[in-house]
There are 2 protein chains.
Amino acid sequence: MSRQPDITRACILDAAFAEIHREGFRAASVANILAATGLTKGAFYHHFPSKKALGLAVIDERIAPLLDDWVVRPLDDGPPSSLSALLDLLERGRSADASAINLGCPLNNLMQEMSALDEDFRAHLGAILECWLRKLTALLLRAQVAGEIRADVDCEVCALFIVAAWEGAVSVSKNLQSAAVFHATMAQLRTYVESLRPRR
Amino acid sequence: MSRQPDITRACILDAAFAEIHREGFRAASVANILAATGLTKGAFYHHFPSKKALGLAVIDERIAPLLDDWVVRPLDDGPPSSLSALLDLLERGRSADASAINLGCPLNNLMQEMSALDEDFRAHLGAILECWLRKLTALLLRAQVAGEIRADVDCEVCALFIVAAWEGAVSVSKNLQSAAVFHATMAQLRTYVESLRPRR
DNA sequence: ACACATACCGACCGATCGGTATGTAATTGA
DNA sequence: TCAATTACATACCGATCGGTCGGTATGTGT
């Protein structure tokens with residue numbers, strides 16, 4: 001076990017992400033996180049000045065990349081048709097595993113818990129959310145230019161609605177502890193997106 | 001200040017509801033709640049066997065009635081047209097005040113925090129949610145019989161989607177700290193409901 | 001080889017948590 | 001009127017919280 005500070009730091013971040021995903025930030029215990037890594041307080045406070053700094057680092061270095069993998073990159077190099085790229089994304093979202101339904105979306109969980117309590121958390125989380133919204137709005141605008149959705153659709157508001165409905169689907173299915181509820185809600189979201197197509 | 005046990009109990013419930021709405025259940029401090037009421041531990045543990053029992057009582061005796069006022073009763077004695085009763089409800093939802101956007105929906109907040117952690121909380125919260133869903137499904141079915149929405153619409157899934165989108169709207173606007181975002185999302189939800197009408 | 005910074009350990013701190021035990025004043029039923 | 005019960009107050013408990021601090025290895029530049 002030689003000293004590899006960047007690996008140690010990454011190890012703490014991974015354990016912290018898991019703990020925060022399960023327990024939320026405030027209930028997450030630094031002692032628990034360290035127990036999961038086999039490290040001690042000394043190591044932790046060498047790499048992070050405070051628990052809050054750890055939380056912000058988890059957001060920037062663990063949660064934000066997750067969104068990149070799930071949403072941003074699939075939209076960037078998706079199929080040529082913008083609208084079907086979005087529908088593909090929603091379909092893939094339906095295949096979320098049981099743990100995601102049980103524990104919920106890490107971004108949504110932290111937003112719910114921390115946005116009203118701490119402006120720094122709100123800003124870091126909001127940056128991720130707004131990145132998602134910008135990507136989605138841009139996609140809808142491309143689809144609109146291509147004639148895939150009607151000209152009277154407000155793409156920005158529409159993107160907002162899609163994100164909200166998605167997060168709401170995770171939330172409700174988390175409470176009802178039902179993957180079926182999540183799939184049904186996401187299917188309904190797909191029919192909403194379909195309803196944006198021009199009337200034939 | 002004579003002894004009025006039921007008033008004392010109600011006072012604790014009110015303070016607990018406010019504290020839990022701000023801080024969540026786990027971060028809510030019994031000591032803080034008591035400080036807000038001017039009472040002490042002795043009074044609290046005389047009326048409630050534990051903090052968890054207090055939380056469940058807040059759900060049943062404070063949060064559930066809220067849903068009754070906002071959703072159930074307006075739907076029961078709303079306008080004769082089922083669909084416009086729903087649209088009225090969504091329109092009234094838009095007029096949520098700033099604190100609701102800042103702190104979020106008490107039901108949604110607790111669901112997010114506690115559903116995965118405690119089965120009792122999940123059950124009590126789920127009962128409220130399912131009451132909401134049943135009322136909404138019944139309304140949509142009435143509207144369907146009346147020909148206000150298309151025959152091919154699955155009313156149960158549709159009700160699920162409306163609730164999910166609503167909760168998602170609260171969640172997203174809470175993070176973006178924007179009433180405008182909430183109003184826009186709710187407006188989009190109204191257009192979704194409108195899209196259920198028969199094609200003319 | 002030696003000085004020095006980095007990386008980490010582990011004991012300890014005050015504060016706060018939910019909960020308990022004991023005591024006492026008010027209310028009530030007989 | 002007087003015990004008995006209810007309705008509180010107060011002092012205290014062990015556990016756990018985030019955070020600090022002195023000490024100790026492990027590199028690393030010179």
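Computed over heavy atoms, backbone and side chain alike; hydrogens, waters and symmetry mates excluded. So you know, we letter chains A, B, ... as the sequences are listed, proteins then strands, and number each from 1.
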Nearest-Å distance for atom pair [atom1]/[atom2], residues [X] and [N]:
X: B/R9; N: D/dC8; atom1: CZ; atom2: P; answer: 12 Å
X: B/D6; N: C/dT27; atom1: CG; atom2: C1'; answer: 14 Å
X: A/L39; N: D/dG19; atom1: CG; atom2: P; answer: 17 Å
X: B/I7; N: D/dA7; atom1: CD1; atom2: C1'; answer: 14 Å

Any chance you could list the contact pattern along nucleotides 14-19 of chain C? Use B for base contacts, S for sugar-phosphate-only contacts and - for none, protein heavy atoms under 4.0 Å, 5' to 3'.
-> ---SBB
So the side-chain hydrogen bond (donor to acceptor under 3.5 Å, both in side chains) pairs with at least one residue in residues 149-163 of chain A (sequence neighbours excluded) are A/R150-A/D152
Listed once per pair and sorted, the side-chain hydrogen bond (donor to acceptor under 3.5 Å, both in side chains) pairs that draw on residues 36-50 of chain A, sequence neighbours left out = none
Sequence neighbours left out, cut at 3.5 Å: what donor-acceptor pairs do the side chains of residues 56-67 of chain B make with other protein atoms?
residue: B/D60; atom: OD1; partner: B/H124; partner atom: ND1; Å: 3.0
residue: B/D60; atom: OD2; partner: B/H124; partner atom: ND1; Å: 3.0
residue: B/E61; atom: OE1; partner: B/R9; partner atom: NH2; Å: 2.9
residue: B/E61; atom: OE2; partner: B/R9; partner atom: NH2; Å: 2.4
residue: B/R62; atom: NE; partner: B/D14; partner atom: OD1; Å: 2.7
residue: B/R62; atom: NH2; partner: B/A10; partner atom: O; Å: 3.4
residue: B/R62; atom: NH2; partner: B/D14; partner atom: OD1; Å: 3.3

Using a 3.5 Å cut-off and no angle test, enumerate the donor-acceptor pairs between side-chain atoms of residues 129-140 of chain B and protein atoms at least two apart in sequence or in another chain.
residue: B/K135; atom: NZ; partner: B/D76; partner atom: OD1; Å: 3.4
residue: B/K135; atom: NZ; partner: B/D76; partner atom: OD2; Å: 3.4
residue: B/T137; atom: OG1; partner: B/L133; partner atom: O; Å: 2.7

Taking 4.0 Å as the cut-off, does a side-chain nitrogen or oxygen of [X] come that near to OP1 or OP2 on [N]?
X: B/H46; N: D/dA7; answer: yes
X: B/T8; N: D/dA7; answer: no
X: B/H47; N: D/dC8; answer: yes

Under the side-chain hydrogen bond (donor to acceptor under 3.5 Å, both in side chains) test, residues paired with B/T185 that sit two or more places apart | none
Answer yes or no: is there an ion pair linking A/R92 with A/D88, defined by an N-O contact shorter than 4.0 Å?
-> no
